[in-house]
Amino acid sequence: MTQLTLPAGMEINGAIETGYAEILTPDALALVAKLSRAFEVRRQELLAVRVERAKRLDAGERPDFLPETAHIRNGDWKIAPIPAALECRRVEITGPVERKMVINAFNSGADSYMTDFEDSNSPVWDNQITGQINLRDAIRKTISLEQNGKSYKLNDKVATLVVRPRGWHLDEKHVLVDGKRISGGIFDFALFMFHNAKEQLARGAGPYFYLPKMESHLEARLWNDIFVMTQNELGLPQGTIKATVLIETILAAFEMDEILYELREHSSGLNAGRWDYIFSCIKKFKLDKDFCLADRAKVTMTAPFMRSYALLLLKTCHKRNAPAIGGMAALIPIKNDPAKNEIAMGGVRTDKARDATDGYDGGWVAHPGLVELAMTEFTKVLGDKPNQISKQREDVNVSAADLLDFKPEAPITEAGLRYNINVGIHYLGAWLAGNGCVPIHNLMEDAATAEISRAQVWQWIRSTKGVLEDGRKVTAEMVVAMIPEELAKVKALVGDGATYDRAARIFEEMSTSASFAEFLTLPLYEEI
Ligand SMILES: CC(=O)SCCNC(=O)CCNC(=O)[C@H](O)C(C)(C)COP(=O)(O)OP(=O)(O)OC[C@H]1O[C@@H](n2cnc3c(N)ncnc32)[C@H](O)[C@@H]1OP(=O)(O)O
Ligand SMILES: O=CC(=O)O
Ligand SMILES: [Mg+2]
């Protein structure tokens, strides 16, 4: 096995396969170590703040806009100008950092491509490092692949790359600095920056990122400080890095202005990460006797709390000259059933048309087969303008109560409960096997959508409102009885993979245990 030269105090316990040493170079690892040492204490402090805040919410506190930052919300400031490569983002395709998908996404015809070390990626060591290899090769346009009789390489015109590193909660357990695991996000970010930032600038774009799952502007400040140090270390002008923040937690929704402000020299706007947002609402109000959402399929972008969040995000961004990017409809093309496919495509069209008409500058799609359709909907509204940032939404007034108007509460059905169990087991099983994004029942499922499923099951068991429409209370016994039945259905689809038995056991433990696992990926990560 290849031996690496490691900075003092660093240990790596992941296998070093062919090509890994080209990513895990001494200088790249020195940057990882430097950032980890400089910022790990703050990351841990901020994670501890999350725990304290969660306790207060569990005790009944309700979030509100922060009095101490009113001057930022009321102030007249804008983010720094957006680079040309990020001006037009009508359609952004997203997907895991797997080699074939990287090539297909770059070639998809989308304006930008968010490559994902996060929700759609299972963070097995191999995925993290081969992902870096794939991106390095793609940026230099040397990437190619022969698979199933097909040859893959990049077109002349490709999408602008935006990289999503892991969130603050995730460690990279294969790398220790001074005996401690480091941040997965810093690891992904530092390796990417070290190998690619200058190359991207030379090719007319730059190092652009999506930042996931933040809960406060102080967490955004941490990223900003990491950007400043990294730019200094790599000799890049300050402000080179640009980052779009996913507003995908209920607490961040109360700090959108503040998050943009913290990152104002490095900001490229906000994105409405709808799936984690729904999950975050369930998680943060899991013990509230008045909180209970209906079947997952009923919680859509037109639900009152989702509509308020989407409009507030849009208004906030445009006021600050920042792009507002819409999230993802989980619908994907359905093969071999034209009628069902037409319904699914209609759903995506409606979703994109709503965002475009509201004033969003672009939106996400899950699959290359959706790019043209989404582009059509944005073009209908934008014409030949690259974005509609000038469209101000002064008519929008969203209060704290609007953001917390959690409806619909009904129906909760046996089919909805079984759906959550089925998707939970199926997704967890795939994730354990190294695949973080799976088509299930014709929908895109990733870590965020699966979180909703498993969180709903936990919450319905505990909430007095967790009652099926036929009058039966959702109970742990009911869920435990359904798990083998749903596991059998999953296995009938995917084959008898051992990871699905493990997934079913983990799902049962997670949904019936007294405590609520903060993220499903935390216990799962210890299994891979
Ligand atoms: C909540 C959030 O965080 S959303 C963001 C995270 N989620 C995502 O990024 C979704 C990514 N999408 C995907 O992984 C896939 O589209 C899935 C799993 C949903 C569906 O996958 P499949 O059913 O295998 O897709 P399908 O078989 O239709 O793929 C057809 C072709 O499109 C490619 N493709 C599908 N989705 C993508 C994508 N997002 N990016 C690039 N290529 C893609 C496939 O690789 C395949 O290529 P090939 O014809 O060369 O073999
Ligand atoms: O990351 C996006 C989401 O919806 O979650
Ligand atoms: Mg998300």
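Numbering of ligands and ligand atoms starts at 1, following listing order. Heavy-atom basis, side chains included; hydrogens, waters and symmetry copies ignored.
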Please list, in number order, the atoms of ligand 1 under 4.0 Å from a heavy atom of [X].
{"X": "Arg164", "answer": "3 (O), 5 (C), 6 (C)"}
{"X": "Met328", "answer": "4 (S), 5 (C)"}
{"X": "Asp116", "answer": "6 (C)"}
{"X": "Ala448", "answer": "1 (C)"}

Do [X] and [Y] make a side-chain contact, defined as non-hydrogen atoms from C-beta onward lying under 4.5 Å apart?
{"X": "Ile93", "Y": "His367", "answer": "no"}
{"X": "Ile421", "Y": "Phe507", "answer": "yes"}
{"X": "Glu255", "Y": "Leu251", "answer": "no"}
{"X": "Arg43", "Y": "Asp171", "answer": "yes"}

| request: Have a look at ligand 1 and work out which part of Glu118, if any, has a heavy atom under 4.0 Å from it: side chain, backbone, both or neither. | output: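 Glu118 to ligand 1: no contact under 4.0 Å from either part.
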| request: May I ask you to identify, for Asp119, whether its side chain, its backbone, both or neither come under 4.0 Å of ligand 1 on a heavy-atom basis? | output: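 Within the 4.0 Å criterion, Asp119 contacts ligand 1 through side-chain atoms alone.
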Measuring from the heavy atoms of [X], does anything fall under 4.0 Å of ligand 1?
{"X": "Pro333", "answer": "no"}
{"X": "Lys335", "answer": "yes"}
{"X": "Tyr113", "answer": "no"}

Hey, looking at [atom], which of [options] has the closest heavy atom?
{"atom": "atom 14 (O) of ligand 1", "options": "Lys100, Met444, Lys150, Met101", "value": "Met101"}
{"atom": "atom 21 (O) of ligand 1", "options": "Pro439, Pro96, Ala330", "value": "Pro439"}
{"atom": "atom 35 (C) of ligand 1", "options": "Gly273, Pro368, Gly327", "value": "Pro368"}

Which residue supplies the protein heavy atom nearest to [atom], what is that atom called, and how far is it?
{"atom": "atom 1 (O) of ligand 2", "value": "Arg164 NH1, 2.8 Å"}
{"atom": "atom 4 (O) of ligand 2", "value": "Trp275 N, 2.8 Å"}
{"atom": "atom 3 (C) of ligand 2", "value": "Glu248 OE1, 3.4 Å"}
{"atom": "atom 10 (C) of ligand 1", "value": "Cys437 SG, 3.4 Å"}
{"atom": "atom 11 (C) of ligand 1", "value": "Ala366 O, 3.4 Å"}

| message | What verdict does the side chain to side chain donor-acceptor pair (under 3.5 Å) test give for Arg221 and Ser216, after you've listed the backbone C-alpha separation in whole Å, the side-chain angles of each residue and the deciding distance to 0.1 Å? | response | CA-CA 9 Å; Arg221 185 179 297 171; Ser216 76; over 6 Å; no
| field | Nearest-0.5 Å distance, CG of residue Leu432 to CG of residue Asp501 | value |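 Those atoms lie 11.0 Å apart.
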| Judged by non-hydrogen atoms, does Phe279 sit under 4.0 Å from ligand 2? |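 Heavy atoms of Phe279 never come under 4.0 Å of ligand 2.
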| field | Option passing side chain to side chain contact (heavy atoms under 4.5 Å, CB included) with Arg89 (candidates Asn387, Thr244, Asp361) | value |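 Going through Asn387, Thr244, Asp361 one by one, the side chain to side chain contact (heavy atoms under 4.5 Å, CB included) with Arg89 is satisfied by Thr244 alone.
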Ring centre gap for [X] and [Y] strictly below 6.0 Å:
{"X": "His217", "Y": "Tyr261", "result": "no"}
{"X": "Tyr210", "Y": "Trp364", "result": "yes"}
{"X": "Trp223", "Y": "Phe189", "result": "yes"}

| request: Under the side-chain contact (heavy atoms from CB on, under 4.5 Å) rule, what do Arg354 and Thr302 come out as? Steps first, then yes or no, please. | output: CA-CA 10 Å; Arg354 184 192 313 107; Thr302 57; 3.8 Å; yes
| Should the pair Phe291 and Phe285 be assigned to parallel (<30°), tilted (30 to 60°) or perpendicular (>60°) ring geometry? |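 Plane angle between 30° and 60°, so tilted.
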| Should the ring pair Tyr277 and Tyr309 be called parallel, tilted or perpendicular, given that the plane angle runs from 0 to 90° and is split at 30 and 60? |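 Because their plane-to-plane angle is under 30°, the rings of Tyr277 and Tyr309 count as parallel.
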| Number of protein N/O/S atoms that sit closer than 2.8 Å to the Mg ion (ligand 3) |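 Protein heteroatoms (N, O, S) closer than 2.8 Å to the Mg ion (ligand 3) number 3.
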| Is Asp119 close to ligand 2, meaning an N/O of one under 3.5 Å from an N/O of the other? |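 N/O-N/O distance below 3.5 Å exists for this pair.
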| field | Short N or O distance, His367 and ligand 1, threshold 3.5 Å exclusive | value |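 His367 vs ligand 1: N/O contact under 3.5 Å present.
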| message | Whether Lys283 engages the ring of Phe516 as a cation-pi pair (distance to the six-membered ring centre under 6.0 angstrom, angle to the ring normal within 45°) should be assessed. | response |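 Not flagged: Lys283 not positioned over aromatic ring of Phe516.
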| query | Does NZ or CZ of Lys242 come closer than 6.0 Å to the centre of the six-membered ring of Phe227, within 45° of the ring's axis? | reply |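 The answer is no, since Lys242 fails at least one limit relative to Phe227.
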